[in-house]
Amino acid sequence: MMKSEEMLKFGADEYDNELCDVSRSHYFEKSAGVVRSSRDLNIFLAHYKKYGPDKCYIYTGRGPSSVDMHLGHMVPFLVTVALQRALGVRVVVHLTDDEKFLFRAEHDLETYQDFAESNKRLIEKCGLDPKLTDIYIGSKDIARFYPTILKIQQRVNLNQVSAVFGFKGGDNIGKVAFPAYEMAPCDPRCLFSASDALNMRCLVVCAQDQDPFFRMVRDHSKALGFHKPSLLHLNYLPALDGSEKMSSTGATSAHRICLGDTPKQILKKTRRAFSGGQQTKEAQLELGADINVDIACIYMRFFMTDRVRYRELCYRYKSGLVMSGDVKNICAEMLRKMLEIFD
Ligand code: TRP
């Protein structure tokens, strides 16, 4: 079964350019393939229209698994920046060092806390409005979320959480408790004053694999006294070798572009990326490239802001008029410019 069909099985709505009315950013064009599906997006947008930016906020997050971040980790933050610019709403970022400590346990807690601090500094450079943005660290800022965490934990039993997340008897007990930590920021009362939080709606921006947390909180939010969060599910950015998801694990960093990579490294890695072009110049001229599997093309589909240029380049590459090497050079230059903000 295709992944998107799986999502739709759990009742997600197929994305249909709903956000193009509020933002001209290419991230929201369905053809960019960045947004995958949503839940109650129209309810969030109608609420925004009726009550304005003060009654809406965006919640996103990241589990800090290393000092650096890679290009795939940027996607939810870049989408969030574009949405914040369009809507003028507050943004809450949750860095779950507690999650990585409990689930990965490759380092001690202090190391995950350091990762969270360094990831926070990188996220601050992504373009979020500092006046409208709060970044919280799981292990340090838990007090503000604790009342909601307790209320969620009281309502969900071990069978339910194990059915959704696959916990087994041998798992540490922190894992079992954790889902409530990720759900809690969907309750605006953790984040804002009582009067501000009143009638506030949350839009969660997350990768598709985070859906179970938010499906679960949606089941309980009415009883707990806040609106069900709406959701925007994003697609994964593929790795340089063409595999489905850019990953921070794995011995070599050859398959990922890191935010700390130098222009030279970016160019070198991009040149080795999986290509949809033909083996020889002659074959490329005759047959053209398969742009749907070509990693440089996919990265440009995700990130290139000049859509006219992007489409023209795809057309020329598909028709054999440009070579794979040229496309990779253009992609590397785009990535270099994107990552300049992290210097
Ligand atoms: N669990 C996410 C991860 O491992 C981090 C996260 C916490 C998150 N809260 C979130 C992601 C809210 C998206 C939205 O990366």
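For ligands, and for the atoms within them, numbers begin at 1 and follow the listed sequence. Note that these values count all heavy atoms, side chains included, but never hydrogens, waters or copies made by symmetry. Keep in mind that what you see is a predicted model, and the values were worked out from it rather than measured.
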Exercise. Are Lys281 and Glu286 within salt-bridge range, i.e. N to O under 4.0 Å?
Worked result: no
Problem set entry | Sidechain N-carboxylate O distance under 4.0 Å for Arg311, Glu29 | yes
Exercise. Can you tell me if Leu95 has a non-hydrogen atom under 4.0 Å from ligand 1?
Worked result: no
Exercise. Backbone or side chain, does any N or O of Thr96 fall under 3.5 Å from an N or O of ligand 1?
Worked result: no
Exercise. Looking at ligand 1, does any of its N/O atoms fall within less than 3.5 Å of an N/O of His94?
Worked result: no
Exercise. What do you reckon, does Thr60 have a nitrogen or oxygen under 3.5 Å from a nitrogen or oxygen of ligand 1?
Worked result: no
For this session: With heavy atoms of Lys100 as the reference, note each atom of ligand 1 found under 4.0 Å away.
Result: 4 (O)
Exercise. Any idea how Phe115 and Tyr112 line up, ring-wise: parallel (<30°), tilted (30 to 60°), or perpendicular (>60°)?
Worked result: perpendicular
Exercise. Between Tyr181 and His94, does the ring centre distance come in under 6.0 Å?
Worked result: no
Exercise. Which of the atoms of ligand 1 are close to Val205, meaning less than 4.0 Å from one of its heavy atoms?
Worked result: 13 (C), 14 (C)
Seminar exercise, completed: the protein heavy atom lying closest to atom 3 (C) of ligand 1 turns out to be Gly63 N, 3.3 Å
For this session: Mark yes or no: Arg39 above the aromatic ring of Phe214, with NZ or CZ under 6.0 Å from the six-membered ring centre and no more than 45 degrees from the axis.
Result: no
Problem set entry | Interfacing atoms of ligand 1 (cut-off 4.0 Å, heavy-atom, Glu99) | 1 (N), 2 (C), 3 (C), 4 (O), 5 (C)
For this session: Check if Phe213 has a non-hydrogen atom at a distance under 4.0 Å from any atom of ligand 1.
Result: no
For this session: Give a yes or no on whether a salt bridge exists between Asp261 and Lys269, defined as a side-chain N under 4.0 angstrom from a carboxylate O.
Result: yes
Exercise. Quick check, are the ring centers of Phe302 and Tyr27 under 6.0 angstrom apart?
Worked result: no
Problem set entry | Interatomic distance, Ser139 atom OG to Leu109 atom CG [nearest 0.5 angstrom] | 5.5 Å
Exercise. So which protein heavy atom does atom 11 (C) of ligand 1 come closest to, and at what separation?
Worked result: Gly61 O, 3.3 Å
Seminar exercise, completed: The closest protein heavy-atom partner of atom 9 (N) of ligand 1 is Tyr59 OH, 2.9 Å
Exercise. Which heavy atom of the protein is the closest neighbour of atom 2 (C) of ligand 1, given with residue, atom name and distance?
Worked result: Gln210 OE1, 3.2 Å
For this session: Decide whether a cation-pi geometry holds between Lys245 and Tyr236; the criteria are a distance under 6.0 Å from NZ or CZ to the six-membered ring centre and an angle within 45° of the ring axis.
Result: yes
For this session: Please say whether Phe214 places an N or O atom under 3.5 Å from an N or O atom belonging to ligand 1.
Result: no
